[in-house]
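Below is one structure, written out as structure tokens; comments come after it.
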Amino acid sequence: MQEETVSNIIMARMMMNASGSRQNENPVSMSQIKMWLVPQKAEQDDHYDINSSYFELVIQQAIKDLVSRGYVESTSHDGIEDGGAQMFYITEAGMNYVKNNLGMDAESS
């Protein structure tokens with residue numbers, strides 16, 4: 001799984017999540033992002049091993065890159081004590097990237 005593909009999926013999902021609201025009104029947690037991208041093992045499929053640490057590493061690298069480019073910002077969710085879950089939201093620059101490069105619009109998602 002390429003980091004660019006993961007980045008595009010993350011931003012597209014964040015944009016859908018932010019649809020109809022202000023930019024940072026619907027932040028997502030790292031756990032939610034992982035649910036979007038890490039394959040789940042079926043109950044009956046005990047012979048297949050998913051290397052979840054690989055997916056987590058790619059996701060962390062993609063988030064770091066998106067934050068450094070200014071497409072995604074992180075914040076602590078209101079009411080969470082120090083050490084709580086870090087929350088992420090798409091920025092205006094990220095929304096513009098998705099609209100221009102992925103052909104998605106927040107209103108049509």
Side-chain angles (χ1 to χ4, degrees):
M1 184 174 257
Q2 295 180 348
E3 187 179 325
E4 183 179 357
T5 303
V6 170
S7 296
N8 290 342
I9 292 169
I10 290 170
M11 286 196 302
R13 294 294 299 252
M14 284 183 163
M15 188 156 169
M16 288 188 306
N17 190 56
S19 178
S21 66
R22 286 183 284 165
Q23 174 182 332
N24 61 354
E25 202 169 275
N26 292 321
V28 295
S29 68
M30 183 61 80
S31 297
Q32 188 172 0
I33 294 170
K34 288 177 185 176
M35 287 181 64
W36 295 338
L37 294 161
V38 179
Q40 299 298 309
K41 188 175 182 179
E43 273 185 47
Q44 68 276 11
D45 198 1
D46 57 348
H47 298 292
Y48 183 69
D49 187 28
I50 296 171
N51 186 355
S52 59
S53 60
Y54 164 76
F55 289 97
E56 290 177 18
L57 178 64
V58 173
I59 292 167
Q60 288 174 355
Q61 289 172 339
I63 288 290
K64 184 177 177 182
D65 182 56
L66 291 172
V67 169
S68 71
R69 290 179 179 205
Y71 295 152
V72 170
E73 288 187 5
S74 65
T75 184
S76 292
H77 195 62
D78 289 347
I80 293 180
E81 302 294 326
D82 288 343
Q86 189 175 22
M87 303 299 284
F88 300 92
Y89 59 90
I90 192 165
T91 64
E92 194 66 38
M95 287 185 174
N96 289 334
Y97 177 88
V98 172
K99 289 176 190 175
N100 296 331
N101 296 300
L102 304 180
M104 248 182 92
D105 196 3
E107 288 79 33
S108 65
S109 355

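These numbers come from a predicted model, not from an experiment.
- The side-chain heavy atoms of K34 and E56, taken from C-beta on, include a pair separated by under 4.5 Å.
- Not counting sequence neighbours, the partners of Y71 by the ring pair (Phe, Tyr, Trp, His ring centres under 6.0 Å) test are Y97.
- Looking at residues two or more places apart in sequence or on another chain, you find no salt bridge (Lys or Arg N to Asp or Glu O under 4.0 Å) involving K64.
- With rounding to the nearest 0.5 Å, the separation of CE in M14 from OH in Y89 is 10.5 Å.
- Linking ILVMFWY residues whenever their side-chain heavy atoms come closer than 4.5 Å, directly or via other members, places V38 and Y54 in the same cluster.
- Residues M95 and V67 fall within the same hydrophobic cluster, defined by Ile, Leu, Val, Met, Phe, Trp and Tyr side chains chained together at heavy-atom separations under 4.5 Å.
- Looking at every heavy atom in both residues, S7 comes nearest to A62 through OG-CB, 3.5 Å.
- Screening I9, N17, I10 for a side-chain contact (heavy atoms from CB on, under 4.5 Å) involving R13 leaves a single residue, I9.
- Taking 4.5 Å as the limit, some side-chain heavy atom of M30 sits within range of a side-chain heavy atom of I63.
- Summarising the geometry of Q86 relative to S74, their closest heavy-atom pair is NE2-OG, 3.1 Å, with the distance given to 0.1 Å.
- One finds the CD1 atom of I90 at 10.5 Å from the CE atom of M16 (value rounded to the nearest 0.5 Å).
- When all heavy atoms are compared, the tightest approach of A12 to V98 is N-CG2, 4.3 Å.
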- Item | From CA spacing to verdict: side-chain contact (heavy atoms from CB on, under 4.5 Å), Q61, D65 | CA-CA 6 Å; Q61 289 172 339; D65 182 56; over 6 Å; no

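- Using a 4.5 Å cut-off between side-chain heavy atoms of Ile, Leu, Val, Met, Phe, Trp and Tyr, with links allowed through other members, L102 and F88 fall into the same hydrophobic cluster.
- L37 has its side chain out of reach of F55: every pair of non-hydrogen atoms, C-beta onward, lies at least 4.5 Å apart.
- In plain terms, the two heavy atoms of E73 and T91 that are nearest each other are CG-CG2, 3.3 Å.
- The closest side-chain heavy-atom distance from I33 to W36 is below 4.5 Å.
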